[in-house]
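Naming: A, B, ... by sequence-line order, numbering from 1 per chain. Side chains included, hydrogens not; waters and symmetry mates left out as well; all remaining heavy atoms used.
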2 protein chains.
Amino acid sequence: MARTTTTRERLIRTAAELFWRQGYAATGVTAILRRAGVTSGSFYHFFSSKEDLLLAVLDATEEMLQVEIFGPAEAATEDPIERVFAVLDFYRRYLVSHRFELGCPMGGPAAELSASRPRVRARVAGLFKIWKDAVEAFLVAAGDRLPGEVDRGALAEMVLAVMEGAVIQARARRSLAPFDAAVGQLRRFFDLLEDRAGRAAEVPVSAIMERGGGAESADWRAW
Amino acid sequence: MARTTTTRERLIRTAAELFWRQGYAATGVTAILRRAGVTSGSFYHFFSSKEDLLLAVLDATEEMLQVEIFGPAEAATEDPIERVFAVLDFYRRYLVSHRFELGCPMGGPAAELSASRPRVRARVAGLFKIWKDAVEAFLVAAGDRLPGEVDRGALAEMVLAVMEGAVIQARARRSLAPFDAAVGQLRRFFDLLEDRAGRAAEVPVSAIMERGGGAESADWRAW
DNA sequence: GTCTATACCCTGATAGAC
DNA sequence: GTCTATCAGGGTATAGAC
């Protein structure tokens, strides 16, 4: 209902981008204040510490996952398996639109702070679970297109692992090649799973394949 | 030929562990000096800056990849595909033996510094390539056990992505469950690929499977 | 809620004797 | 090669007026 961005929101969004770009420890509170046009007094009115601000950023990330990623993926296609790849395509576009300078909002804090900031670690673990559950729901919706013996939760964890690993590699190489290679192999895996499920059902499978085109343009900067 | 650890080596190993645990930016030079029992003057005799030290750590990582991971994986089993999983098993044991407090020596710096430290980014990209090439070599050695149309390089990139993503998730959850889930699905993928390759060869496949037991105990701390 | 001013500490790095 | 002493700057966070 806020007609314009509040100071608190501006701090969260500014901090988010800086954290995603250069990490938490390397980002000074001063830099956040300068870029947000906010003074120290206001900052500590809303947040008790820099870590508290990061936790608020992670809270905002939870909302963002639904609004910017899973919602659009659902809107992009009815096909549950294509929805999984629409999610991955979001990260692909995110990487290029920021020229590989921003990392994953979950993976970055997870890699940097899991050992030293218990509250951050726990919060990130929660985000990973939300992400995994959302993908798992797509996989469950795929029903018997996947073999019955495949654990949908485990498969969702693998999708998440591929995404995180692909993003890290793409940023280090400044190239989509490793991302596309990894996701391409994931696609092959799904094709084989579908093939096996079809085979098991002893049905030749007709025109199941018409593979959607991926989600529309979405951007975490476009909050 | 150094009979005992030199000051330079001690700095590198001490810094490595601190960087892996708490990240680069969060690790002060002073903390490294204290734990290594070295004074500031000696440090700047060997290294021109903190970043220079990190680059030396990454150089050491390259050696370590061969000595601690790929060498042992080759020694553990003759089966090229099992060698891939022996490599992944190394990371599994690494995670538990350090109680999820240490991150991946490549993935950590990649996630934290790819955008802000060009030299680090380039060096990490080189390490990723070395890792990928080593796995690709195993996959090439697997010959026609994998379908001919499968790009061995792309498959190796996917293995790397799964490893990095699985390590990040495991650290955030402080649990092997997400790691095992992701690697378990990767195993299923390989099984399907082998099944398909066998099918294509129109050979029923006999006793190809006798799956090795994984590498011996190895530990990056045991340098 | 926002401002200015500042406390206080730790940072990476250097100087120069030994 | 290693030591002690130290610099200059930035770090997070606070105090108290408005």
Side-chain angles (χ1 to χ4, degrees), chain A residues 1-58 60 108-109 112-113 115-120 123, chain B residues 1-58 60 108-109 112-113 115-120 123:
Chain A
M1 293 298 182
R3 52 194 186 285
T4 180
T5 70
T6 69
T7 298
R8 195 186 126 93
E9 283 169 344
R10 209 160 62 256
L11 283 167
I12 289 174
R13 294 174 196 202
T14 305
E17 186 172 333
L18 289 173
F19 291 160
W20 299 341
R21 184 181 311 268
Q22 47 188 342
Y24 173 79
T27 302
V29 172
T30 316
I32 297 168
L33 299 180
R34 201 182 325 117
R35 289 185 50 139
V38 170
T39 57
S40 170
S42 294
F43 175 85
Y44 286 100
H45 171 72
F46 292 109
F47 304 98
S48 63
S49 67
K50 182 182 163 188
E51 177 173 330
D52 188 39
L53 170 61
L54 174 57
L55 293 170
V57 168
L58 294 174
E112 185 183 356
L113 305 167
S116 51
R117 305 264 169 183
R119 296 163 56 108
V120 174
R123 194 78 195 75
Chain B
M1 296 302 181
R3 52 192 185 284
T4 181
T5 71
T6 69
T7 298
R8 195 187 127 92
E9 282 169 342
R10 209 159 64 253
L11 283 167
I12 289 175
R13 293 173 196 202
T14 304
E17 186 172 334
L18 289 173
F19 290 160
W20 299 341
R21 184 181 310 269
Q22 46 188 338
Y24 173 79
T27 302
V29 172
T30 316
I32 298 168
L33 298 180
R34 199 181 330 115
R35 288 184 50 138
V38 171
T39 58
S40 170
S42 293
F43 175 85
Y44 285 100
H45 171 74
F46 292 108
F47 304 99
S48 63
S49 67
K50 182 181 162 187
E51 178 173 329
D52 188 38
L53 170 61
L54 173 58
L55 292 170
V57 168
L58 294 173
E112 185 182 355
L113 305 168
S116 51
R117 306 263 169 183
R119 296 164 55 113
V120 174
R123 194 76 196 75

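Residues F47(A) and L55(A) are not in side-chain contact: their nearest non-hydrogen atoms beyond the backbone lie 4.5 Å or more apart. Residues Y44(A) and V29(A) are in side-chain contact: their nearest non-hydrogen atoms beyond the backbone lie under 4.5 Å apart. Counting only heavy atoms from C-beta outward, the side chains of L113(A) and L54(A) approach each other to under 4.5 Å.
Rounding to the nearest 0.5 angstrom, the gap separating the CD atom in Q22(B) from the CZ atom in R117(A) is 10.0 Å.
When all heavy atoms of F43(A) and V38(A) are compared, the pair lying nearest together is N-CG1, 4.1 Å.
Of the possible polar contacts, one joining the Y24(B) side chain to the E51(B) backbone as a donor-acceptor pair under 3.5 Å is found. No donor-acceptor pair under 3.5 Å is formed between the side chain of E112(A) and the backbone N or O of G23(A).
The only member of T5(A), L11(A), I12(A) that meets side-chain contact (heavy atoms from CB on, under 4.5 Å) when paired with E9(A) is T5(A).
Nucleic acid contact class of T30(A) (heavy atoms, under 4.0 Å, all strands): base.
A 4.0 Å heavy-atom criterion places the boundary nucleotides of DNA chain C facing chain B at dT11(C) to dT14(C), written 5' to 3'.
If you take CD of Q22(A) and P of dG11(D), they are 10 Å apart, rounded to a whole angstrom.
For residues 39-55 of chain A, proximity to DNA chain D is found at S40(A), Y44(A), S49(A), K50(A), defined as any non-hydrogen atom under 4.0 angstrom from a strand atom.
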